[in-house]
Amino acid sequence: MTKVFISYSHSNKDIARKIAYDLEFNEIDVWYDDFEIKFGDNIIAKLEDGIEESDFFLVLLSEESITSNYIKMEIEFSISQNKKIILISLDDVKIENFLYPQYNFIDFSKSYSKGFKSLINKIKQDKNQDKNSEHKYNDYIDSIKKDYILDIINNVEPKSIPEFYNNSYLPKGTHVIRINEFFYRFTSIKERVKYRQALVNIFNFAKTKQAKSIIFGGSFITSKTIPSDIDCILVFEHTSEIPGDFSKLVVDNTPIDAYYASLDDISILQTLISSFSKDRNGNEIGVIKIDLEDSYIENIHEFIDNSPIDKYENSTYSFKPKGILVTVHGLLSRAEWNTKIAPIASSQGWIFAPYVYKTNRVDLLIRKKKRKKVVDEFRDWIFDLKLKYKGIPISIISHSFGTYIIAQYLEGFDKKSPVSFQSIILTGSIISRDFDWYKHYMNSKVIRVRNEVAINDNFVKIMPEGFLKLDKMFGKSGVKGFNNTCHILEEKRNNIFDHNNVIRADVVETLWMPYLNANSQLKS
């Protein structure tokens with residue numbers, strides 16, 4: 001299969017993403033950093049591998065990209081690999097002053113559709129040519145490796161981190177520190193030195209993705225000699241900048257869980273910080289915040305103790321998750337219950353990916369256009385998630401209006417959907433009782449479904465039925481169950497749960513996670 005590497009300036013991220021999506025839809029494999037570079041990856045190695053594995057090297061030319069030394073180095077490396085280079089003009093940039101005008105040139109500045117058609121034709125014309133020979137380009141790697149190493153040499157004893165108290169925890173509050181203080185305080189003893197390279201990878205990833213800050217919680221910022229985990233939140237300015245990959249690392253059996261949030265959706269950030277700011281007994285504890293713009297200094301190539309970078313590489317390895325667990329909340333909610341699910345799912349090897357839609361007022365029940373917009377936004381989001389995690393199965397926990405979103409997504413495709421689901425758990429379901437799960441199973445859209453039937457769910461009880469239905473998808477399956485039973489559907493009835501109390505830590509841990517884990521090996 002033909003593979004294309006896309007090189008671009010982050011100021012052109014939107015059109016780069018569109019080109020990547022459109023190429024994927026045309027069955028052309030794409031190396032695009034948001035798809036391929038995951039949390040904890042060795043970024044330089046990933047770039048090198050991506051270019052080496054690709055048949056075509058696309059460069060998006062704009063006023064911003066032609067001044068980027070970084071993109072020029074990528075081009076130099078692609079030349080050393082004898083790649084087929086295609087220059088794509090996004091504006092009226094003068095390419096005669098830009099490196100290599102002798103390569104294929106396609107103009108996207110006047111018409112995206114015409115430019116993309118020319119691009120597809122060019123790729124397909126050359127798709128049967130022999131693969132280019134592989135070459136090493138060590139000078140390239142050496143010249144830019146130092147741009148990805150943190151300035152953590154200056155071992156100044158920290159002054160802004162308070163002393164531990166209350167069973168080794170920091171005092172409550174958010175403590176803002178610099179990177180060198182963080183490394184000095186939490187990686188100086190010999191038992192913790194092995195975590196340095198993994199932490200450098202975290203900071204490199206965050207900086208490359210243009211995160212504003214990182215917030216650390218969990219046992220890593222305690223006085224424990226050997227932490228049980230490393231929890232962190234990567235904070236971006238805008239939701240659109242969030243990569244969407246909720247990856248996991250393990251360092252000598254210590255899991256590293258990363259979550260994403262943005263400053264323009266403060267409720268999610270507050271929810272995550274709240275979960276980081278409590279110990280197991282519910283006591284308030286402190287978290288660490290590091291502002292990357294203030295702390296990150298480029299062009300450094302040594303470590304804290306001036307030892308070789310690769311000394312710690314064997315302590316870090318990628319962890320293959322059981323699957324991706326997506327949660328979809330209901331109306332009038334920001335899904336605070338995600339704080340119950342996140343640590344449990346992550347500790348059991350799942351990538352946790354909550355979907356939060358902004359338009360979640362009650363009028364969604366009566367406004368068809370608004371419902372369609374929410375479903376369309378979910379369709380784009382879930383497809384993005386699939387592209388970033390190729391080959392990793394996706395499971396769903398949905399509540400109330402979230403069940404409607406999932407059902408409408410499945411109904412939106414006659415045959416196989418772009419994204420299929422391994423397991424779906426429904427709570428407070430407002431889906432019609434006549435929904436045909438077996439049809440979607442036969443079309444390879446879903447493998448297993450669990451429906452929590454709560455007879456005391458007063459919200460679902462008032463859902464309109466029959467001629468009063470506002471949408472044929474609405475119904476009372478959350479209190480009465482589905483009419484169309486089949487082997488993939490499991491329904492659990494109880495008189496304890498209502499509409500809001502079902503999502504509890506004990507339910508997640510004792511009922512839902514065993515169900516998801518048991519299904520994690522199933523394939524359609």
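Values reported hereafter were calculated over all heavy atoms of this structure, with side chains retained and with hydrogens, waters and symmetry mates removed.
Without hydrogens or angle criteria, Thr427 side chain to Ser398 main chain gives a donor-acceptor distance under 3.5 Å. The main-chain N or O of Ser477 is found under 3.5 Å from a side-chain atom of Asn451 such that the two form a donor-acceptor pair. Here the side chain of Glu491 pairs a donor or acceptor atom with the backbone of Phe482 at under 3.5 angstrom.
Tyr404 and Gln408 share a donor-acceptor pair across their side chains, judged by distance under 3.5 Å alone. For the residue pair Asp380/Tyr21, the side-chain donor-acceptor check at 3.5 Å is not satisfied. At a cut-off of 3.5 Å, with distance as the only test, a side-chain donor of Tyr112 or Asp22 sits close to an acceptor on the other residue. If you check the side chains of Ser168 and Thr222, you find no donor sitting under 3.5 Å from an acceptor. In the model, Asn483 has a side-chain atom that pairs as donor or acceptor with a side-chain atom of Arg433 under 3.5 Å. Residues Gln348 and Asn517 have side chains that bring a donor and an acceptor to within less than 3.5 angstrom of each other.
Every residue two or more places apart in sequence or in another chain was checked for a salt bridge (Lys or Arg N to Asp or Glu O under 4.0 Å) with Lys224, and none qualifies. For the side chain to side chain contact (heavy atoms under 4.5 Å, CB included) test, residues two or more places apart in sequence or in another chain that qualify with Ser111 are Ser113, Lys114. The side chain to side chain contact (heavy atoms under 4.5 Å, CB included) test applied to Lys372 returns Asp376, not counting sequence neighbours. Under the ring-ring contact (aromatic ring centres under 6.0 Å, His included) criterion, His10 pairs with Tyr8, not counting sequence neighbours.
At least one test fails for Lys289 against the ring of Phe216: distance under 6.0 Å to the centre or angle within 45° of the axis.
Ring centroid separation for the pair Phe383 and Phe378 does not come in under the 6.0 Å cut-off. The six-membered or imidazole ring of His329 lies near that of Tyr357, with a centre-to-centre distance under 6.0 Å.
Note on Glu237 versus Lys212: salt bridge recorded, some NZ/NE/NH1/NH2 to OD/OE distance being below 4.0 Å. Ion pairing between Arg17 and Asp384 holds under the 4.0 Å rule for side-chain N and carboxylate O.
The salt bridge (charged side-chain N to carboxylate O under 4.0 Å, His left out) pairs that include a residue from residues 402-412 are Glu411-Lys439, where partners are two or more places apart or lie in different chains. Residue pairs meeting the salt bridge (charged side-chain N to carboxylate O under 4.0 Å, His left out) criterion with at least one partner in residues 493-505, sequence neighbours excluded, are Arg504-Asp506.
Proximity of Lys472 to Ser432: side-chain heavy atoms (C-beta onward) are nowhere separated by under 4.5 Å.
Summarising the geometry of Tyr515 relative to Ser423, their closest heavy-atom pair is CE2-CB, 4.1 Å, with the distance given to 0.1 Å.
Relative ring orientation between Phe203 and Phe182 is described as perpendicular, the plane-to-plane angle rising above 60° on a 0-90° scale split at 30° and 60°.
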